[in-house]
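Structure incoming, see below.
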Amino acid sequence: KVGFIRGYSRRFWQGDTFHRGSEKMPGRVVTLLEDCGACTWGVAYEVRGEQIAASLEYLNMREAVLGGYDTKLVKFHPQEKDAEEPILALVYIATPQNPSYLGPASEEDIAAQIIVSSGCAGHNIEYLLRLADFMRYFCPQAEDKHLFSIEEALVSILPCLYYTEESLEE
């Protein structure tokens with residue numbers, strides 16, 4: 001379900017050395033940051049029956065034991081007009097103690113890091129652009145200045161990269 005949680009901001013402060021980056025060139029992926037006045041839009045997935053134990057075991061190992069994330073229960077507000085009550089959702093939040101935590105940087109520096117990173121799930125640019133497209137299409141009312149500022153910085157850098165690559169080929 002598409003919806004939002006209150007009290008958190010989305011930030012490209014988590015490093016990724018597997019899915020969207022490598023050990024030599026970590027990618028940047030999002031995590032949540034506690035932020036009292038903020039509202040973060042996204043998707044909540046429901047797991048049922050036999051999926052619950054397996055999903056929790058996998059996520060706990062990946063995010064909490066290996067990844068250095070805090071686990072929180074939050075109220076998720078579905079976007080659906082007929083949704084009566086918020087539902088409880090489990091979120092994983094990267095902490096500064098996480099070995100892959102990169103922390104804050106300028107939008108330009110984050111975009112530059114995203115441009116040069118890719119991993120087994122694809123290029124880090126794809127991750128950023130798909131998230132930005134999702135937000136525009138499914139959550140047009142949402143404001144995510146951080147996300148769209150990084151996208152804008154990336155677009156402003158890309159023409160230089162295309163020019164440089166073409167120049168190298170000649």
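Atom set for the values below is all heavy atoms of this structure, side chains included, hydrogens, waters and symmetry mates excluded.
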Atom pair CD (Glu143) and SG (Cys39), whose distance is rounded to the nearest 0.5 Å:
10.0 Å
Heavy atoms of other groups near Glu57 CD, more than 12 under 6.0 Å
no
Heavy atoms of Gln113 and Gly27 approach each other most closely as NE2-O, 4.2 Å
Close side-chain approach of Leu56 to Leu90, heavy-atom, < 4.5 Å
yes
Give the C-alpha distance, both sets of side-chain angles, the deciding distance and a yes or no for side chain to side chain contact (heavy atoms under 4.5 Å, CB included) between Glu80 and Lys1.
CA-CA 8 Å; Glu80 303 163 344; Lys1 295 181 182 204; 3.7 Å; yes
Over 12 foreign heavy atoms within 6.0 Å of CD, Gln141
yes
So, do Thr71 and Val91 sit near enough that their side-chain heavy atoms are less than 4.5 Å apart?
no
Between Glu126 and Arg20, does a salt bridge (Lys or Arg N to Asp or Glu O under 4.0 Å) hold up when you go through it step by step?
CA-CA 9 Å; Glu126 177 189 29; Arg20 298 295 178 165; 2.9 Å; yes
Counterpart residues, side-chain hydrogen bond (donor to acceptor under 3.5 Å, both in side chains), relative to Glu108 (two or more places apart):
none
All pairs passing side chain to side chain donor-acceptor pair (under 3.5 Å) where residues 36-47 contributes a residue, at least two apart:
Glu46-Arg48
Rounded to the nearest 0.5 Å, what separates atom CG in Leu128 from atom NE2 in His123?
11.0 Å
Are Ile87 and Leu59 linked, directly or through other ILVMFWY residues, by side chains that come within less than 4.5 angstrom of each other?
no
Side-chain touch His19/Val29, heavy atoms, less than 4.5 angstrom:
no
In Å and rounded to the nearest 0.5 Å, what is the CG to CG distance from Leu131 to Leu147?
4.5 Å
Residues that Phe148 engages under ring-ring contact (aromatic ring centres under 6.0 Å, His included), provided they are two or more places apart
none
Report the C-alpha separation of Tyr69 and Leu32 in whole Å, then their side-chain angles, then the decisive distance to 0.1 Å, and conclude whether the side chain to side chain contact (heavy atoms under 4.5 Å, CB included) test is met.
CA-CA 10 Å; Tyr69 289 75; Leu32 296 171; over 6 Å; no
same_hphob_cluster(Met135, Tyr137) at 4.5 Å side-chain heavy-atom cutoff
yes
Could you walk me through whether Arg10 and Asp144 pass the salt bridge (Lys or Arg N to Asp or Glu O under 4.0 Å) check?
CA-CA 8 Å; Arg10 178 185 4 253; Asp144 195 327; 2.8 Å; yes
Go through the steps for Phe18 and Glu23 under the test side chain to side chain contact (heavy atoms under 4.5 Å, CB included), then give the verdict.
CA-CA 8 Å; Phe18 185 72; Glu23 290 292 332; over 6 Å; no
Does the side chain of Tyr8 reach to within under 4.5 Å of the side chain of Val74, using non-hydrogen atoms?
yes
Below 4.5 Å, heavy atoms only, C-beta onward: do Glu151 and Arg136 meet side chain to side chain?
yes
Would you say that Asp16 contacts Ser100 through its side chain, given a criterion of any heavy-atom pair below 4.5 Å between the two side chains?
no
Distance-minimising heavy-atom pair for Ala112 and Ile157:
N-CD1, 4.1 Å
What's the shortest heavy-atom distance between Ser55 and Val47, and which atoms?
OG-CG1, 3.7 Å
Once rounded to the nearest 0.5 Å, what's the spacing between atom CD1 of Ile150 and atom CG of Leu129?
11.5 Å
Do His146 and Glu107 make a side-chain contact, defined as non-hydrogen atoms from C-beta onward lying under 4.5 Å apart?
yes
Do Lys24 and Thr17 make a side-chain contact, defined as non-hydrogen atoms from C-beta onward lying under 4.5 Å apart?
no
Between Val2 and Cys139 the two heavy atoms that sit nearest each other are CG1-SG, 3.7 Å
Where is the tightest heavy-atom contact between Phe134 and Val43, given as atom of each residue plus distance?
CZ-CG2, 3.4 Å
Using a strict threshold of under 4.0 Å (side-chain N to carboxylate O), is an ion pair present between Glu34 and Lys72?
yes
Out of curiosity, Arg11 CZ to Arg28 CZ, how far, rounded to the nearest 0.5 Å?
12.0 Å
Once rounded to the nearest 0.5 Å, what's the spacing between atom CG of Asn124 and atom OG of Ser117?
5.0 Å
Is there a continuous path of hydrophobic side-chain contacts, each under 4.5 Å between heavy atoms, that joins Phe138 to Tyr127?
yes
Spell out, yes or no, whether Leu33 and Ile93 are grouped together once hydrophobic residues are joined by side-chain heavy atoms under 4.5 Å, including indirect joins.
no
May I have the step-by-step check of side chain to side chain contact (heavy atoms under 4.5 Å, CB included) for Ile114 and Phe12, ending in yes or no?
CA-CA 10 Å; Ile114 287 171; Phe12 274 85; 4.0 Å; yes
Has Thr31 got a side-chain atom pairing as donor or acceptor with Ala94's backbone, closer than 3.5 angstrom?
yes
